[in-house]
Amino acid sequence: MNSAALVRRDLRLAYRRRGELATPVVFFIIVTALFPLALGSEPQLLRRLAPGVIWVAALLASLIGQDSLFKNDYEDGSLEQMLLSPAALEWLTLLRVLTHWLVTGLPLVILSLLMGLLLNYPLDSLDVLAGSLLLGTPVLSFLGAVGAALTVSLRRSGMLLPILVLPLTVPVLIFGAAAAERAMQGEPVAAPLYFLAAMLVLAVTLAPFAIAGGLRVSLES
Amino acid sequence: MTAQPSPALTLAARGLAVWRGDRCLCRDLAFELHGGQALHLQGPNGAGKTSLIRVLTGLGRCDAGEVLWQGEPLRRNSAGYRAALAYLGHNNGVKLGLSPRENLAAAGALMDTPASADIDKALAEVGLSESADLLCGALSMGQRRRTALARLQLSRAVLWFLDEPLASLDVAGAALVNRILKTHLAAGGMVVFATHQALELAPFPVLAVKLGTPA
């Protein structure tokens, strides 16, 4: 199996439907931008809320694209080919989720710098905010992929997926927002970032097995 | 030309029972297929041909009995079995956002096979040389099916599973499927297929499994 060629194929497909992939990114921008409009332009209040707002918006945005993670492959039969290929399904799903994160999660990390400024988040702590998202959003992608694998054969899984996955994302949200919050107040941020890193390690190593299992069950009948 | 079944390859089913919901699609099904032989699954719409093919590939689950490849149950050596089989289902497994050439290259990356010269040859064989670089989304259903047939030929699999291979193909396409299958059988390969139309595979032996009418 040629992993690089598979990643290239996924990136090429992503580029050809870039409009669809831009949806979560635009959603993230709009939701974050709504808060100053609704809460008024008091800088201190916005700063106080910034870590939570950005993290919740990133969490919701990352869920938007998850539904399509395996759906297209399911509908055109590519998923069957993946399952029947001699390559390990776990490895294929790992590649798929990482590629998906590159095109949907990474833009959120980069944009968070801009949205932080919009919400008056302190300039010298922006690196921690982006860092927490850099560690956290891949975990969200893996969790979402488990849900996507389990619901891939259902016709209307649009709302089921967030309901399944959102409760699982709570720890990521807590530690992610805590890191950004502590950085803003000048407190040490190592602990929440380490927790996020630990969750990322667990997600990368364990989630592919759950995703592959979910796909096998979904295609069984 | 006489076709001698080669005993080196064996796909067998023993006491196979498949239930979907509360309906029994088949019960106590047994067969043994060797290299150079084809197996034709017959039955009216809804009889369970697709379900049975999926069970034989290992995608679906059977409720009793077992499928044996080279005398070993599938789950004992599932990676080895997957390396030996190729599957063409109802859905082509062709990405509409990629051209036929890109689709075959991606399939090759998954199967660890072909060079680009092989891809050109396979595309020419199914008559897609001229549309090789158009997006599959812009091709007709028959052309997408031909792309999937080209993938089948690129794979080095000995055991082919075809579910309605003639779907959306024209007369020339049907002749193409016949030709491809005969070449495969002549090389000692095995084919399991489900069709309503007849495939002309003589002189190769075609076993038949008849599935009952839906209740």
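Everything numeric in this text was worked out from a predicted model, so none of it was measured. Just so we're on the same page: letters track the sequence lines, and every chain starts at 1.
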Can you name the residues of residues 81-92 of chain A that have some heavy atom under 4.5 Å away from a heavy atom in chain B?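 Listed by number: A:Gln81, A:Met82, A:Leu83, A:Leu84, A:Ser85, A:Pro86, A:Ala87, A:Leu92.
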Min side-chain heavy-atom separation B:Leu159-B:Phe161 under 4.5 Å: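 A side-chain contact under 4.5 Å exists here.
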If the threshold is 4.0 Å, N to carboxylate O, is there a salt bridge linking B:Asp170 and B:Arg145?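 Answer for the salt bridge query: no.
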Which bit of A:Asn72 is near chain B, if near means a heavy-atom gap under 4.5 Å: side chain, backbone, both or neither?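 Both parts, backbone and side chain.
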Is A:Leu118 close to A:Leu114 at the side-chain level, that is, under 4.5 Å between some pair of heavy atoms?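 No, side chains not in contact.
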Checking A:Tyr74 against chain B: side chain, backbone, both or neither under 4.5 Å from a heavy atom?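 Only the backbone of A:Tyr74 comes within 4.5 Å of chain B.
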Does A:Arg18 reach the main-chain N or O of A:Tyr15 with its side chain, forming a donor-acceptor pair under 3.5 Å?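 Between the backbone of A:Tyr15 and the side chain of A:Arg18 there is a qualifying donor-acceptor contact (under 3.5 Å).
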Spell out the residues in residues 88-102 of chain B that have some non-hydrogen atom less than 4.5 Å away from a non-hydrogen atom of chain A, in order of number; otherwise answer 'none'.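 The stretch touches chain A at B:Asn91, B:Asn92, B:Gly93, B:Val94, B:Lys95, B:Gly97, B:Leu98, B:Ser99, B:Glu102.
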With a 4.5 angstrom heavy-atom cut-off, could you sort out which part of B:Thr57 is near chain A: side chain, backbone, both or neither?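 Backbone plus side chain of B:Thr57, per the 4.5 Å heavy-atom cut-off to chain A.
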Enumerate by number any residue of residues 139-149 of chain A whose heavy atoms lie under 4.5 Å from heavy atoms of chain B; in the absence of such residues, state 'none'.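 When heavy atoms of chain B are the reference, residues 139-149 of chain A contributes no residue within the under-4.5 Å range.
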Residue among A:Arg216, A:Arg12, A:Arg17 with most heavy-atom pairs under 4.5 Å to chain B: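 Sorted descending by pairs with chain B, the first entry is A:Arg12.
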Counting neighbours of CZ on B:Arg27 that are heavy atoms of other residues, nucleotides or ligands and sit closer than 6.0 Å, is the number greater than 12?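 Counting neighbours around CZ of B:Arg27, 12 or fewer heavy atoms of other residues, nucleotides or ligands fall under 6.0 Å, so no.
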Can you establish whether the number of heavy atoms outside B:Arg14 located under 6.0 Å from its atom CZ is more than 12?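 Check fails, neighbour count at 12 or below.
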Is there a donor-acceptor pair under 3.5 Å between the side chain of B:His196 and the backbone N or O of B:Pro44?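 Such a contact is absent between B:His196 side chain and B:Pro44 backbone.
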Using modelled atom types and a 3.5 Å cut-off, is there a donor and acceptor pairing between side-chain atoms of B:Arg144 and backbone atoms of B:Gly137?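 Judged by distance alone, yes, a pair lies under 3.5 Å.
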Salt bridge present between B:Arg61 and B:Asp63 (N-O < 4.0 angstrom):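 Here B:Arg61 pairs with B:Asp63 in a salt bridge, since their nearest N and O are under 4.0 Å apart.
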May I ask you to decide if A:Ile54's main-chain N or O and A:Tyr121's side chain share a donor-acceptor pair within less than 3.5 Å?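 No; judged by distance alone, with no hydrogens or angles, the pair does not exist.
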Kindly compute the distance separating OG (B:Ser78) from CD (B:Glu72), expressed to the nearest 0.5 Å.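 The OG atom of B:Ser78 sits 11.0 Å away from the CD atom of B:Glu72.
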What residue, out of A:Glu75, A:Arg9, A:Glu80, A:Arg8, has the most heavy-atom pairs lying under 4.5 Å from chain B?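 Sorted descending by pairs with chain B, the first entry is A:Glu80.
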Set of residues satisfying side chain to side chain donor-acceptor pair (under 3.5 Å) with respect to B:Lys182, sequence neighbours excluded: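 Residues passing side chain to side chain donor-acceptor pair (under 3.5 Å) with B:Lys182: none at all.
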Over 60° means perpendicular and under 30° means parallel, so classify the ring planes of A:Phe175 and A:Phe195, tilted if in between.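 Parallel, since the angle between the ring planes stays under 30°.
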Whether the side chain of B:His34 engages the backbone of B:Thr10 through a donor-acceptor N/O pair (distance < 3.5 Å, no angle test) should be reported.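 Judged by distance alone, no pair lies under 3.5 Å.
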Just wondering, more than 12 heavy atoms not from A:Lys71 lying within 6.0 Å of its NZ?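 Counting other residues, nucleotides and ligands, NZ of A:Lys71 exceeds 12 neighbours.
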